[in-house]
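Notes for the one structure printed next.
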Amino acid sequence: MSAKQLTDLSQLCIHTITTKPWGIEEAAKNFSDEGVKGITVWRDALVNRNIRQTGHLLRNHGLEIVSLCRGGFFPAKEKKKREAAIDDNRKAIEEAVELGAPLIVLVCGADPAQPLEDSRKQIRWGIEAIIPDAAAAGVKLAIEPLHPMYADTRSAINTLAQANDMAVQLNSSTVGVAVDVYHLWWDPMLETEIKRCGENDHLFAFHICDWNTPTTDLLLDRGLMGDGAIPVNKIRAWVEATGFNGFYEVEIFSNKYWKEDQAEFLKKIIKAYKENS
Ligand code: ZN
């Protein structure tokens, strides 16, 4: 099964971190000029900005705000730190409201000082604690499973099965999952679990990029679609089979691409989106 080629940009969203050297105003203008339709905003892009006004600015450029990245990082051995994390997630919900973002992506966190099972319990408690705030604000939460190489400090949720299980346990229409091909492409259960997202009506976001071979940096060497090993088109077909018709979000952290002229990089993103996604 393969997905139809993407001939227009109506479902293309780009994360602000993808073109990190640009400030959010510059990114908005350039995305808009090239016909990009969606933007996912990383919280660092909002530092020293009036968030409400920034939201207006993005919409005035014709961009739909797809999500705010990121909340989460719930687990910690010390209770004080767990409470601080919940406060920070409540702050993220307020920021999402000010910005006009309907969704917060959760990088759930992990503390290497404790077993992964403990971190997972704390993730569940953390999300439970903020569901009422998110629901009252009309903001949804997406659990994003991260590749197991990040299980020490970034996320104790490492497969889509784990994210699906947790979303089902939490049993709230506010909570769903985000599928990021970088984290999940290797999983033999991926097609089955994407189908399960659809059955539970909780596939909230789809992130794309590629896995470089060799990967020279575990965090900052993501590739453009077509650069590496991930069958993005095949995974997109599975996602579309669930009825998902949201944005395809290009999320690339790359020391290599950040060193390039970002206007040229944006052109490459659009080409890779159309030809290799
Ligand atoms: Zn992602």
Side-chain angles (χ1 to χ4, degrees), residues 11-20 27 36 38-45 64-74 89 92 96 101-110 123 127 139-151 153-164 166-167 175-187 190 193-194 197 202-212 215 217-225 227-232 235-236 238-239 242 244 246-255 257-258 269 272-273 276-277:
Q11 283 175 280
L12 172 58
C13 166
I14 302 178
H15 285 225
T16 54
I17 197 151
T18 298
T19 53
K20 190 176 160 198
V36 177
I39 186 166
T40 276
V41 177
W42 279 58
R43 290 174 79 192
D44 67 282
E64 187 170 329
I65 301 169
V66 178
S67 62
L68 181 68
C69 260
R70 56 201 188 185
F73 289 100
F74 296 105
N89 278 275
L103 176 69
I104 296 174
V105 176
L106 301 178
V107 171
C108 292
I123 290 166
I127 298 174
V139 173
K140 294 198 185 268
L141 306 168
I143 299 168
E144 178 173 28
L146 260 53
H147 191 284
M149 69 180 168
Y150 302 120
T153 55
R154 288 174 192 275
S155 185
I157 308 287
N158 306 106
T159 64
L160 187 53
Q162 288 173 327
N164 276 332
M166 190 164 292
V175 180
V177 304
V179 167
D180 185 325
V181 299
Y182 192 75
H183 298 299
L184 303 175
W185 70 280
W186 56 272
D187 185 349
L190 187 57
E193 291 295 329
I194 286 176
C197 289
H202 70 205
L203 180 48
F204 289 174
F206 180 49
H207 299 172
I208 57 177
C209 67
D210 211 336
W211 182 282
N212 286 332
T215 289
D217 185 297
L218 294 185
L219 189 63
L220 304 177
D221 188 31
R222 292 192 182 200
L224 261 178
M225 297 76 74
D227 280 354
I230 302 180
V232 179
I235 299 173
R236 178 164 68 84
W238 297 339
V239 164
T242 69
F244 180 90
F247 280 91
Y248 307 130
E249 307 181 37
V250 179
E251 183 189 30
I252 296 172
F253 324 134
S254 165
N255 282 327
Y257 287 123
W258 287 337
I269 292 171
Y273 177 79
N276 302 310
S277 301

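Order of listing sets the numbers, starting from 1, for every ligand and every atom in it.
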So the protein N/O/S atoms within less than 2.8 Å of the Zn ion (ligand 1) come down to Glu144 OE2, Asp180 OD2, His207 ND1, Glu251 OE1
Measure across Val175 and Phe204 and return the closest heavy-atom pair with its distance rounded to 0.1 Å.
C-CE1, 3.6 Å
Could you pull out the closest heavy-atom pair between Thr18 and Glu251, with the gap in Å?
OG1-CA, 3.4 Å
Give the ring-plane orientation class for Phe206 versus Phe244, where under 30° counts as parallel, over 60° as perpendicular and anything between as tilted.
perpendicular
Ala156: what forms a side chain to side chain contact (heavy atoms under 4.5 Å, CB included) with it, not counting sequence neighbours?
Ala110, Leu116, Ser119, Arg120, Ile123
Please tell me whether Asp180 and His147 have a donor and an acceptor in their side chains that are separated by less than 3.5 angstrom.
no
So His207 and His15, would you call those rings parallel, tilted or perpendicular, with 30° and 60° as cut-offs?
perpendicular
